[in-house]
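Structure, as structure tokens:
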Amino acid sequence: MKEYIPSELEPRWQEFWRQKQFYSTRKDPNRKKYYVLEMFPYPSGKLHMGHMRVYSIGDVLARFFRMRGCNVLHPMGWDAFGLPAENAAAQHGVDPAEWTAANIVAMKEQQDALGLSYDWEREVTTCAPDYYCWNQWLFLLFYREGLAYKRKAPVNWCPSCRTVLANEQVVDGGCWRCGSAVDSRELEQWFLRITDYADRLLDDLELLEGWPQRVKVMQENWIGRSEGTNIVFTVKETGDELKVFTTRPDTVFGVTYMVLAPEHPLVNKLIAGRPQEEEITKFVAQMRRESEITRTAADAEKVGLFTGASAVNPVNGEEIPILVGNYVLMSYGTGAIMGVPAHDQRDFLFARKYNLPVRMVVAPPDQCPSTDELTGAYEEPGIMVNSGLFDGMSSEEAKKAITDWLADRDRGGGDVMYRLRDWLISRQRYWGTPIPVVYCGSCGTVPVPEEELPVLLPEGIELSTLQQSPLAECPQFVHTSCPACGGEARRETDTMDTFFCSSWYYLRYADPRRESAPFLKEEVDYWLPVDQYIGGIEHAVLHLLYSRFFTKFLYDQGLVGIQEPFQRLLAQGMVYKDGAKMSKSKGNVVTPDEIIERYGADTGRLFILFASPPEKDLDWSDQGVEGCYRFLRRVWRLFGQNRELFEQSPGGAWSGNKEKAAVEGAGREEKELRRVLNATIKRVTADIEERYNFNTAISAIMELVNALYAYLGEAGPEQRDTHRVLLRQSLETVLLLLAPFAPHICEELWHQCGLQGSVHQQSWPAYDPAALEVEEVEIVIQVNGKVRGRVLVPADSSEVDLLEAARGHERVRPYLEGKEILKTVTVPRKLVNIVAR
RNA sequence: GCGAGAGUGGCGGAACGGCAGACGCGCUAGGUUCAGGACCUAGUGCCCGCAAGGGUGUGGGGGUUCAAAUCCCUUCUCUCGCACCA
């Protein structure tokens with residue numbers, strides 16, 4: 001018997017699959033398609049366990065659905081623009097393009113060593129001009145539709161990456177990539193108007209039944225829709241309008257002050273020439289220096305300064321003081337709030353601190369405490385008081401009534417606010433897609449005409465000494481002629497956020513080599529949506545939100561027929577070791593390379609899938625890996641020890657149901673083996689297809705192997721020969737069921753057994769329901785809910801028979817003696833419960 | 001504070017409201033082997049017991065039910081997301 005040497009056989013089969021082009025995919029309208037996709041990686045050059053996990057999950061599904069007869073699209077590509085390439089260039093003087101290309105080669109080798117069944121003919125690389133050309137084309141489409149615009153605004157700036165970041169890319173006040181504290185800069189930048197799609201992005205979350213709830217909640221939170229009312233106050237001294245947004249218009253009679261954000265445009269005008277001017281100017285300048293993050297930290301002290309100016313409340317004409325406060329954000333709502341201390345806890349505390357009046361205007365339904373008894377704000381609904389003609393209304397009714405009243409007098413009206421901001425896509429970096437825009441002295445901002453695309457990234461840029469956007473220091477790139485008038489012009493020197501690239505790559509896979517368009521609609525309409533998308537939770541509101549936005553936009557443009565790109569989403573858990581995330585500093589890193597070298601890809605894949613359900617975190621265990629290696633060797637020996645089963649009938653390969661194991665002459669052991677075999681097929685199929693519980697699928701295969709060992713250990717040579725067909729069918733089924741998980745060893749054994757074709761091109765086995773039937777079942781006998789005995793009975797026993805067997809059971813009888821039987825419950829084929837007292 | 005998810009042996013994890021702990025790891029004993037970290041067999045939640053057996057057990061407390069890890073209420077702990085969002 002040959003030894004199991006993964007390092008010898010795995011590369012051999014990888015080469016075999018490649019040469020036979022098993023995994024290249026063609027459109028075929030007659031077959032059911034299945035599109036399984038793992039988030040494409042940044043080509044860092046090094047595959048880590050997180051990669052290995054996500055690819056292993058995807059590959060099981062791809063291989064399984066192929067065997068199920070689906071036309072499977074399973075592509076891979078590279079999210080190849082981004083900072084690491086540029087940093088490598090700055091530090092080591094290498095060309096970002098070459099650096100990236102070398103990493104892709106290295107990483108692809110590692111992926112291939114895992115035996116992943118990708119259609120490499122559809123490989124997509126975002127830094128290639130034939131890809132980013134379509135980024136530019138799509139940008140121009142956004143621009144044409146008014147959804148891409150340039151605006152000067154305070155933006156997040158990462159000093160370490162020397163570029164701006166979108167709101168989504170700031171995590172806990174730091175850069176999502178490098179963690180450096182982000183600060184604020186006022187810059188003119190390109191934005192995509194994702195806020196136009198806020199409602200649809202929110203509402204359509206309901207359509208995403210195959211998405212984890214937590215991802216949907218995160219997107220919902222991020223979009224942060226809130227319905228309320230705009231109310232226009234008037235500045236008494238200047239006559240300026242001062243608009244606020246509130247979700248509690250019913251409390252407008254309780255407003256006792258107003259607070260403006262330090263950046264509010266009216267601040268300077270209000271304080272001009274007043275005694276407070278100097279103090280407030282200083283305060284505003286200080287606030288501008290502090291990031292929004294530190295200013296709005298939960299433990300930050302609320303500070304307010306009186307401007308000396310006052311506002312007139314539109315509902316009752318009252319004059320109230322206007323303050324400037326650190327806790328009011330210019331980026332949300334109107335940058336101004338009304339203070340209602342009686343009905344908002346934060347306002348209540350603020351009013352106490354600054355001795356501002358508190359006036360109750362919504363009374364609790366059953367009592368009427370006076371304002372000075374209040375120890376906190378009353379935030380619940382109630383009955384309107386001190387509110388003029390709205391007195392006596394319920395506060396809920398009053399919300400609408402007051403909003404209508406304001407709208408009738410042109411002093412406000414209903415409005416909706418979102419936390420979601422427009423997506424800032426400019427980046428002051430080199431290694432990205434150039435934004436295809438030209439600035440002309442006489443024509444202004446001019447989009448580069450489609451036929452001039454792509455605007456190529458210039459090569460040979462000196463990246464080590466950059467102070468600003470590297471392209472800006474590249475005269476041959478900057479100087480151009482205006483596409484409109486032909487005069488002198490300069491190019492936009494910012495590049496696009498790499499999330500732009502990844503927002504539509506899954507569409508490009510459907511038609512990756514198209515030169516006349518990003519893709520043909522008919523190709524996309526066949527393959528999309530992605531049936532199963534797999535990736536990390538960290539993209540819950542980045543990539544996944546942007547991609548949904550792109551899809552909806554492209555749908556509106558008639559370019560795709562789908563409104564949601566990803567039918568089902570699996571957010572796979574992280575890989576830990578010794579209770580901590582794998583990291584160099586902790587010294588607990590295990591790489592796919594070393595696992596492949598020592599145990600083979602099959603063992604690594606099997607372990608990673610067996611150790612935990614895919615959506616849960618996984619704790620790496622070297623001993624667990626050993627266990628999986630042991631199991632594969634056990635499978636190997638099972639075939640080595642039973643080679644004669646396959647040798648005795650040349651050419652008689654059992655496949656599917658062609659040759660059914662004979663039932664006649666089968667004894668108890670054979671029937672049991674046949675039952676286990678069919679039950680395993682049923683179990684594994686459901687576990688992969690319906691539940692995505694690969695760990696229990698694998699354990700079921702282990703049980704089948706155990707059952708085969710047990711049977712073969714008992715049976716003599718004659719018995720084996722008599723039941724050769726059943727045994728062969730069982731062994732072949734092990735290979736078929738295991739093939740998606742451990743593709744190499746199964747292929748090797750398939751061929752060693754002289755079976756036809758490739759194991760990966762067989763049909764998935766079907767189970768025979770009749771084989772699951774058993775003649776006898778063991779039923780549990782309970783007395784008062786406690787198990788007191790078990791008994792074997794014919795499977796079709798009636799309730800009366802069951803009860804009789806239960807009562808007569810020698811272990812059970814003592815528990816019934818001298819007692820009255822109050823009730824009996826029988827569950828056919830399962831149990832009898834006797835309630836006695 | 002709001003929202004989502006999760007608490008089961010020494011460990012990873014299984015269990016349509018119906019035998020808790022499948023499968024694997026680890027451990028114990030025995031076998032096999034020149035030897036082993038290979039392989040085979042048996043055992044392995046906890047407590048009492050030589051055993052048969054009994055008791056107990058799914059974070060805590062309550063409830064529904066003949067029957068609860070599973071359903072309901074309550075509470076604690078952990079993880080994640082959001083958070084002066086007006």
Side-chain angles (χ1 to χ4, degrees), chain A residues 3 171 212-222 224-226 228-229 231 244-248 251 258-259 261 295-302 325-329 331-340 344-347 349-350 417-419 537-538 540-541 571 573-574 576 606-607 610-613 615-631 633-634 637 683 693 695-706 709-710 713 778-790 811 822-836:
Chain A
E3 212 184 322
V171 180
Q213 189 62 27
R214 58 177 173 153
V215 176
K216 291 194 274 189
V217 168
M218 281 163 81
Q219 293 210 354
E220 202 179 309
N221 284 342
W222 189 261
R225 182 186 152 102
S226 118
T229 302
I231 303 178
V244 302
F245 174 78
T246 178
T247 53
R248 294 295 304 273
T251 63
M258 301 192 72
V259 190
R295 266 167 57 191
T296 59
D299 53 356
E301 171 85 9
K302 279 196 186 75
N326 61 342
Y327 68 102
V328 178
L329 309 176
S331 57
Y332 186 81
T334 61
I337 62 163
M338 59 185 212
V340 188
D344 183 294
Q345 186 60 23
R346 297 158 308 182
D347 293 349
L349 296 173
F350 190 76
M417 283 294 160
Y418 300 91
R419 212 174 75 92
I537 189 76
E538 66 272 18
V541 282
M574 298 212 280
Y576 289 89
L606 199 66
F607 167 73
F610 179 62
S612 158
E615 71 280 0
K616 287 186 65 177
D617 289 340
L618 179 156
D619 212 9
W620 186 269
S621 154
D622 292 331
Q623 286 166 331
V625 178
E626 289 278 355
C628 289
Y629 188 47
R630 218 144 47 206
F631 170 69
R633 284 202 313 254
R634 201 164 141 81
R637 281 199 313 277
R683 175 84 199 260
N693 275 9
N695 55 334
T696 51
I698 293 166
S699 74
I701 300 171
M702 288 172 168
E703 286 179 77
L704 174 59
V705 169
N706 290 345
Y709 264 99
E778 186 184 67
I779 65 158
V780 167
I781 306 166
Q782 296 180 331
V783 178
N784 294 332
K786 288 195 189 227
V787 179
R788 296 303 182 186
R790 294 149 210 278
R811 288 265 164 69
L822 299 176
K823 183 173 182 173
T824 58
V825 180
T826 58
V827 182
R829 304 168 68 100
K830 286 231 171 93
L831 67 69
V832 174
N833 188 11
I834 300 169
V835 184

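So that the names make sense, note that chain A is the first sequence line, chain B the second, and so on, each numbered from 1. On a predicted model such as this, the values are computed, not experimentally measured, just so you know.
For B/rA15 and B/rU28, the C1' atoms lie 27 Å apart once the distance is rounded to whole Å. B/rC23 and B/rU44 have their C1' atoms separated by 15 Å, with the value rounded to a whole Å. If you take atom C1' in B/rG13 and the same atom in B/rG24, they sit 9 Å apart, rounded to whole Å. Comparing B/rG30 with B/rU79, their P atoms are spaced 45 Å from each other, to the whole Å. Atom name P, nucleotides B/rC11 and B/rG59: the rounded distance is 14 Å, in whole Å. Separation of the P atoms belonging to B/rC25 and B/rU70 is 30 Å when rounded to the nearest angstrom. For the C1' atom pair drawn from B/rA14 and B/rU8, the interatomic distance equals 10 Å after rounding to whole Å. B/rU64 and B/rC84 have their P atoms separated by 45 Å, with the value rounded to a whole Å.
Base-pair partner of B/rA6: B/rU77 (Watson-Crick or G-U wobble, both distances under 3.5 Å). Remark: B/rG26 base-pairs with B/rU44. Criterion, Watson-Crick or G-U wobble with two distances under 3.5 Å. Across the strands present, B/rC82 finds its partner in B/rG1; the criterion is a Watson-Crick or G-U wobble pair with both atom distances under 3.5 angstrom. Look at B/rA14: it lacks any Watson-Crick or wobble partner with both distances under 3.5 angstrom. Look at B/rC50: it lacks any Watson-Crick or wobble partner with both distances under 3.5 angstrom. A 3.5 Å limit on both hydrogen-bonding distances identifies no Watson-Crick or G-U partner for B/rG57.
Separating the CE atom of A/M218 from the P atom of B/rC2 is a distance of 20 Å, rounded to the nearest angstrom. We find that NZ of A/K302 is positioned 12 Å from C1' of B/rA83, with the value rounded to whole Å. Taking atom CG of residue A/L618 and atom C1' of nucleotide B/rC11, one finds them 13 Å apart after rounding to whole Å. As a whole-Å value, the separation of A/N784 CG from B/rC66 P is 12 Å. Atom pair A/K216:NZ and B/rG5:P shows a separation of 11 Å (rounding to whole Å applied). Put simply, CD on A/Q782 is 17 Å from P on B/rG17, counting in whole angstrom units. In this entry the distance linking CZ of A/R419 with P of B/rA86 reads 11 Å, nearest Å. The separation between A/I337 atom CD1 and B/rC84 atom C1' is 9 Å, rounded to whole Å.
Residue-level contact check: A/V835 touches the backbone only, with heavy atoms under 4.0 Å from sugar-phosphate atoms and none from bases. A/P212 comes within contact range of no nucleotide atom at all, as no heavy-atom separation falls under 4.0 Å. A/V217 comes within contact range of the sugar-phosphate backbone alone, with a heavy-atom separation under 4.0 Å but no base atom that close.
At B/rG55, one or more side-chain N or O atoms of A/R788 fall inside 4.0 Å of OP1 or OP2 (strictly under the cut-off). Under 4.0 angstrom from either OP1 or OP2 of B/rC66 there lies at least one side-chain N or O belonging to A/K823. Between A/R811 and B/rG53, a side-chain N or O to OP1/OP2 separation shorter than 4.0 Å is present. Within the structure, every side-chain polar atom (N or O) of A/K616 is placed at least 4.0 Å from both OP1 and OP2 of B/rG12.
Side-chain N or O atoms of A/D617 include none that pairs as donor or acceptor with a backbone N or O of A/G573 at under 3.5 Å. No donor-acceptor pair closer than 3.5 Å links the side chain of A/R788 to the backbone N or O of A/R811. Judged purely by atom type and a 3.5 angstrom limit, A/T246 uses its side chain to pair as donor or acceptor with the backbone of A/R248.
In terms of heavy atoms, A/A540 sits closest to A/M218 at CB-CE, 3.5 Å. Of all heavy-atom pairs spanning A/D347 and A/M338, the tightest one is OD2-O, 3.7 Å. Contact record, A/I779 with A/R829: CG2-C, 3.9 Å, taken as the closest heavy-atom pair. Minimum heavy-atom separation, A/A700 to A/R683: CB-CG, 3.7 Å. The shortest heavy-atom contact between A/R634 and A/N706 is NH2-OD1, 2.8 Å. The heavy-atom pair separating A/I537 from A/V215 by the smallest distance is CD1-CG2, 3.5 Å.
Of the candidate nucleotides B/rA4, B/rA86, B/rC82, B/rC82 has the atom lying nearest to any side-chain atom of A/N221.
No hydrogens or angles were tested; on distance alone, a donor-acceptor pair under 3.5 Å links the side chain of A/N833 to the base of B/rC66.
Taking the syn range as angles within 90° of 0, the glycosidic angle of B/rG59 is outside it, so the base is anti.
Annotation: A/F610 is not in aromatic contact with A/F631 [ring centroid separation under 6.0 Å not met].
Position along RNA chain B of the nearest nucleotide to A/G785 versus A/F245 favours A/G785 as the more 5'-ward residue. Nearest-nucleotide assignment on RNA chain B puts the 5′-proximal partner with A/K830, out of A/Y418 and A/K830.
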TODO: At under 4.0 Å between heavy atoms, which parts of nucleotides 22-40 of chain B does protein reach? Answer with one letter per nucleotide, 5' to 3': B base, S sugar-phosphate only, - none.
DONE: BBSSS----------BSSS
